[in-house]
Amino acid sequence: MTLRLTNTLTRRIELFEPLVPGQVSIYCCGVTVYDLCHLGHARSYIAWDVLRRYLIWSGYQVTFVQNYTDIDDKILGRAAEEGSSMQAVSERNIEAFVADMARLNILPPDRMPRATQSLDAIRSLITELEAKGAAYSADGDVYFAVMKHAGYGKLSGRDLAEQQDNAAGRVASAEEDRKQHPFDFALWKGSKPGEPSWESPWGPGRPGWHIECSAMVREELGDTIDIHLGGADLIFPHHENEIAQSEAASGHELARYWLHNGMVNVGGQKMSKSLGNFTTIRALLDSGITPMTLRLFTLQAHYRKPLDFSSEALEAAATGWKGLNAALGLASTLTLGAAPACPPALAASRQRFAAAMDDDLNTAAALAVLFELAKPLRALANRLERGDSSAAEEAQAPELVDQGQLLLELAGVLGLQSETEAKTTTTSPGPSDAEIQAQIEQRQAAKAAKDFPAADGIRDGLRAQGIELIDRPGGITEWLRG
RNA sequence: GGCGGCAUGGCCAAGUGGUAAGGCAGAGGAUUGCAAAUCCUUUACCCCCAGUUCGAAUCUGGGUGCCGCCUCCA
């Protein structure tokens, strides 16, 4: 396979070659657990889940680490608001995060370290940076000295010399005064009274945001990893600072490939808490949008491009998913019998899928292959649902069984799975089969008497109870729940 | 101001030199008492201008518009 990925570091598409053949180490920047996750997070983690699944499908052994930032001003703020503790807020949101990711069929990371559980690694990394002259302490804080680190700005394309006088907009503050350069950032913050704090050589305090990732990457995966993931909004300063810290300490390149996903926009603007234009994952899923619809919606766009969120686009995805789901549902019932060798036509589909994914994870193009594979299956599924007897025979065709198998396999790479069960779990009791049958007979009688208003009235009444009538040739009426 | 990205049919969105994937919506047809659902068919010269080329949505230059980052953010 020849996977090529856009590397933010070089701003180019590069052939992906892991450090150790056959193995891939990945670190993904996780969430700050001060609130529920929104669509932006969903988009990001779905994209990386697909990367991971594709690598596994391609035969790689993947180690995927993703952190929780559970020390942060916003968590503290939230705890103060509700009169609880930083830990309580974190625990609650971690629980919600795990549940949300599971609903979206995102594979759990192999390890999920937390800042609060990585203090030793953090402190020793800061100590090391201080010893190497890359950091300095001031009034209980410790800062990273960007001027001492050659290469600062290489990820985000920033030039320190040019940016020097560009600090005009920065608010003058006590912290700014302590810094030697406006871009210097805190590795350790001395604690204020009442705040949670940890002991350290610099006094009680807590770690800065960027250092935890550097420490966790090193502790979990080593000095150099294959792929580092995150949202495009993390490029500067977070990832830039992470690189500076890690590389200043180890002397080795932190990550060989940096991948960043585009933002989710609403009405042309980034979805964010501060703008108040966000929709949480659970609000969306609870409103009736299925997890797979959401997955399909995000995968229809390339992961690096901004994705516009609108209810119209989501509805389109929902309708699109309905068709794909029907095909997947049928395919999963056709698994009986030994699958013959993949016919040439299907081999071509498989190749087109792989070629699309190899091309910087072009999931939109890969989905086109799925839709094409799904088309005949979906049509057959619809005929079967209507009791078309000739369809049952066609479903025996080995080519179709094969096609279904391939569809299931490729959909699985994108984390798409049939949602057939979800529908039947609706709790509304509705009329019994016998009642429905009686209604249908009444309608037949009305139709025979050309009393169409009455016939339509019966049909509308049933529809209101979630029963859809389907008139088939020959005067037979089928019905479907839901 | 600095850095980066994007502009393709009604909407979303692939395509990076050879005459435009896919999804949704729409239209026509089949079917129907009418519908719904389903099936079949069908709809674009790619923001503007100039250039390179036998040939460009695709490369170069200029312009216009939009977005992200530069403070926390997936």
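In what follows, every chain begins at residue 1, and chains take the letters A, B, ... in the order their sequences are listed. Here the structure is a predicted model, which is why all the values come from computation and not from measurement.
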Report, as a single string ordered 5' to 3', how protein heavy atoms within less than 4.0 Å touch nucleotides 6-16 of chain B: B base, S sugar-phosphate only, - not at all.
SS-----SSS-
Just call it for A/G30: base, sugar-phosphate, or nothing, with non-hydrogen atoms closer than 4.0 Å on any strand.
sugar-phosphate
A/H41 NE2 to B/C72 P, in whole Å, measures 16 Å
So A/L234, base contact, sugar-phosphate only, or nothing? Heavy-atom distance under 4.0 Å.
sugar-phosphate
Residue-phosphate contact under 4.0 Å: A/N265 side-chain N/O, B/G68 OP1/OP2
no
Sub-6.0 Å ring centroid separation between A/F297 and A/W321:
no
Tell me what A/V264 touches on the nucleic acid: a base, only sugar-phosphate, or nothing, going by heavy atoms under 4.0 Å.
base
Which of parallel (below 30°), tilted (30 to 60°) and perpendicular (above 60°) describes A/H41 and A/Y45?
parallel
For A/E409, give me all partners under salt bridge (charged side-chain N to carboxylate O under 4.0 Å, His left out), at least two apart in sequence or on another chain.
A/R350
From CG of A/L462 over to P of B/A37, roughly how many Å is that when rounded to an integer?
17 Å
Residues 96-110 of chain A side chain polar contacts: donor-acceptor under 3.5 Å, at least two apart:
{"from": "A/D100", "atom 1": "OD1", "to": "A/R282", "atom 2": "NE", "distance (Å)": "3.1"}
{"from": "A/D100", "atom 1": "OD1", "to": "A/R282", "atom 2": "NH2", "distance (Å)": "3.0"}
{"from": "A/R103", "atom 1": "NH1", "to": "A/D286", "atom 2": "OD1", "distance (Å)": "3.4"}
{"from": "A/R103", "atom 1": "NH2", "to": "A/D286", "atom 2": "OD1", "distance (Å)": "3.1"}
{"from": "A/N105", "atom 1": "ND2", "to": "A/G415", "atom 2": "O", "distance (Å)": "2.9"}
{"from": "A/D110", "atom 1": "OD2", "to": "A/F64", "atom 2": "N", "distance (Å)": "2.7"}

Please compare A/M263 and A/P453 by the position of their nearest nucleotide in RNA chain B and report the one closer to 5'.
A/P453
How far, in whole Å, is B/C46 from B/A56 if one measures between their C1' atoms?
11 Å
